[in-house]
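What you see is a predicted model, and the numbers here were worked out from it, not measured in a lab.
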Amino acid sequence: MQNSDPIWDHVDTHRDDLIALSDRVWGMPELLYGEYRSCAEHVAVLRDKGFTVHEEMAGIPTAVMGEAGEGGPVIAILGEYDALPGLSQVAGIAEPKATEAGGAGHGCGHNLLGSAALLAACALKDWLAETGTPGRVRYYGCPAEEGGAAKAFMVRDGAFDDVDAAITWHPATMTKVDEAQSLANTRMDFVFTGRASHAAAAPHLGRSALDAAELMAVGVNYLREHVPQESRIHYAYLDAGGTAPNVVQARTKVRYAIRSTTLAGMLALNERVKKVAHGAAMMTETKVDISIMSAVSNMLGNTPLEEAMQAAMDELGGVPFDDADRAYAAEIQKTLTPEDIAASYRGNGMEVREGEPLCDYVVPRTAPGSKMMGSTDVADVSWKVPLVQARVSTVAIGTPGHSWQITAQGKSPAAHKGMTYAAKVMGVVGRMLMTDEVLLARAKKDHAERLAREPYICPIPEDVRPPLVPRPVAAE
Ligand SMILES: [Zn+2]
């Protein structure tokens, strides 16, 4: 590997500052829409590095955008910094041990995600200034990726209206251009209201909201047989109506997640699940109120940008892990099952290899991964502008998503190497888009063709606001 691209040098210049940011954010895990301290850390670095800062993007207190450069195309680099509940974990060890029992932790590596995106933006900013190239680079600090759909709200409220293309990444077990596959996902709440009564003395006077919620579940479980294969429907009881079996439950609340491979498919499935809820309400003579809490679309690919990112990765080679990185990853692998490890390979379209703790190569784009999919709000940005995403190895092969093992590896030298690599890949793709008009035009044409086949319908209704949480009062 030769250090030949000018972007790589600029990444190296800012690397230590942004690794320090990542480690600080790791140490202050905050949950969806509550990322006040983490966002403030990103704002401070944006100011320190000379970006023009726009706070409270789309009316969200923990969303921020920093911009640098003049004229030319507007290239967005997307970052995140939200954590997950229950994944508190001591860093650098290979056994589960919380820093705070039941506390939050960076079990999806978003401390690295945001910091590497900002690192790429810093490098592009320097390169634009040094070369006098017209172009604007923006870092978008996007909160609440885990269940809050902030980017979908930001898209709806115009935060990306004047962006030409967007680049992002996610920490992963293997290094690969993302295949742009994710499920559209709606989180919908159903509140059933009935009438309480003495369950023994006057059951005929009661109308059970718990019966309604259970009948809805039965109906949905029958519905599963008649939905497209890759659909997913799951639910959780937020309020099962109380703890007294001798009172007919007057109010219940159930949250459903409804997922489909296509946006149109999800919108249609949403309506079918609503019908089941109405049927359950009719059977039980209760009332149902239905509200959407959040929703995201499925990911849209972009072939020209994916090819450009592949070229950037091939130029760099894999993440340059060393023996110490491999030794720690091997310790982590001892906590995993063979199935966990095999799933990493299969998910990336690879044959299983023995005795390989870390991925220090680039998985070719031709390797089709398995269809195991979650959902992400990055998808809604991909419907708004041409977007490409990298997956970069930061954890041991086999490390499951949303796990204590990810939190444990979140400050490791391997993670720092992965985040630096991700910044170089994103920086190079950004530079290509600033200088190669043909590439940008091809990316936009590809995007327009995909939208011509299926138009974008924002999955979040007009009147739904993000579930913001108030700024915590500073302790005296
Ligand atoms: Zn994530």
Salt bridge between [X] and [Y], side-chain N to carboxylate O under 4.0 Å?
{"X": "Asp23", "Y": "Lys411", "result": "no"}
{"X": "Asp162", "Y": "Arg138", "result": "yes"}
{"X": "Asp157", "Y": "Arg465", "result": "yes"}
{"X": "Glu67", "Y": "Lys49", "result": "no"}
{"X": "Lys417", "Y": "Asp322", "result": "yes"}
{"X": "Glu80", "Y": "Lys151", "result": "yes"}

Drop me the distance from [X]'s [atom1] to [Y]'s [atom2], to the nearest 0.5 angstrom.
{"X": "Ser260", "Y": "Glu230", "atom1": "OG", "atom2": "CD", "value": "9.0 Å"}
{"X": "Leu269", "Y": "Thr186", "atom1": "CG", "atom2": "OG1", "value": "8.5 Å"}
{"X": "Ile258", "Y": "Asn185", "atom1": "CD1", "atom2": "CG", "value": "8.5 Å"}
{"X": "Ile332", "Y": "Asp340", "atom1": "CD1", "atom2": "CG", "value": "12.0 Å"}
{"X": "Leu78", "Y": "Cys142", "atom1": "CG", "atom2": "SG", "value": "5.0 Å"}
{"X": "Met299", "Y": "Thr261", "atom1": "CE", "atom2": "OG1", "value": "14.5 Å"}

[Y] and [X] side chains, donor-acceptor separation under 3.5 Å:
{"X": "Gln89", "Y": "Thr407", "result": "no"}
{"X": "Thr335", "Y": "Gln405", "result": "yes"}
{"X": "Glu145", "Y": "Thr376", "result": "yes"}
{"X": "Arg15", "Y": "His416", "result": "no"}
{"X": "Ser22", "Y": "Asn111", "result": "yes"}
{"X": "Ser88", "Y": "Thr99", "result": "yes"}
{"X": "Thr175", "Y": "Arg391", "result": "no"}
{"X": "Asp189", "Y": "Ser291", "result": "no"}
{"X": "Arg450", "Y": "Thr303", "result": "yes"}
{"X": "Asn302", "Y": "Glu306", "result": "no"}

Apply the test side-chain contact (heavy atoms from CB on, under 4.5 Å) to residues Trp8 and Leu316: give CA-CA distance (whole Å), side-chain angles for both, the deciding distance (0.1 Å), then the verdict.
CA-CA 9 Å; Trp8 300 353; Leu316 262 170; 3.6 Å; yes
Should [X] and [Y] count as side-chain neighbours, where that means a heavy-atom distance under 4.5 Å?
{"X": "Tyr456", "Y": "Asp380", "answer": "yes"}
{"X": "Ser403", "Y": "Ile406", "answer": "yes"}
{"X": "Ile397", "Y": "Glu356", "answer": "yes"}
{"X": "Tyr256", "Y": "Val220", "answer": "yes"}
{"X": "Asp239", "Y": "Thr252", "answer": "no"}
{"X": "Ile341", "Y": "Leu336", "answer": "yes"}
{"X": "Tyr36", "Y": "Met28", "answer": "no"}
{"X": "Val64", "Y": "Leu46", "answer": "yes"}

Take Glu56 and Ile60 through the test side-chain contact (heavy atoms from CB on, under 4.5 Å) and record every step on the way to the result.
CA-CA 5 Å; Glu56 300 214 12; Ile60 300 171; over 6 Å; no
Polar side-chain atom of Glu30 near backbone of Arg37 as donor-acceptor pair, under 3.5 Å:
yes
Counting the benzene-type ring for Trp, do [X] and [Y] have ring centres under 6.0 Å apart?
{"X": "Phe51", "Y": "Tyr139", "result": "no"}
{"X": "Phe160", "Y": "Tyr140", "result": "yes"}
{"X": "Tyr81", "Y": "His106", "result": "no"}

Could you check Met426 against Val388 for side-chain contact (heavy atoms from CB on, under 4.5 Å), going step by step and ending with a plain yes or no?
CA-CA 9 Å; Met426 292 188 286; Val388 66; over 6 Å; no
Establish, for the pair Arg251 and Phe190, whether the NZ or CZ atom is under 6.0 angstrom from the six-membered ring centre and no further than 45 degrees off its axis.
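No, a cation-pi geometry is absent between Arg251 and Phe190.
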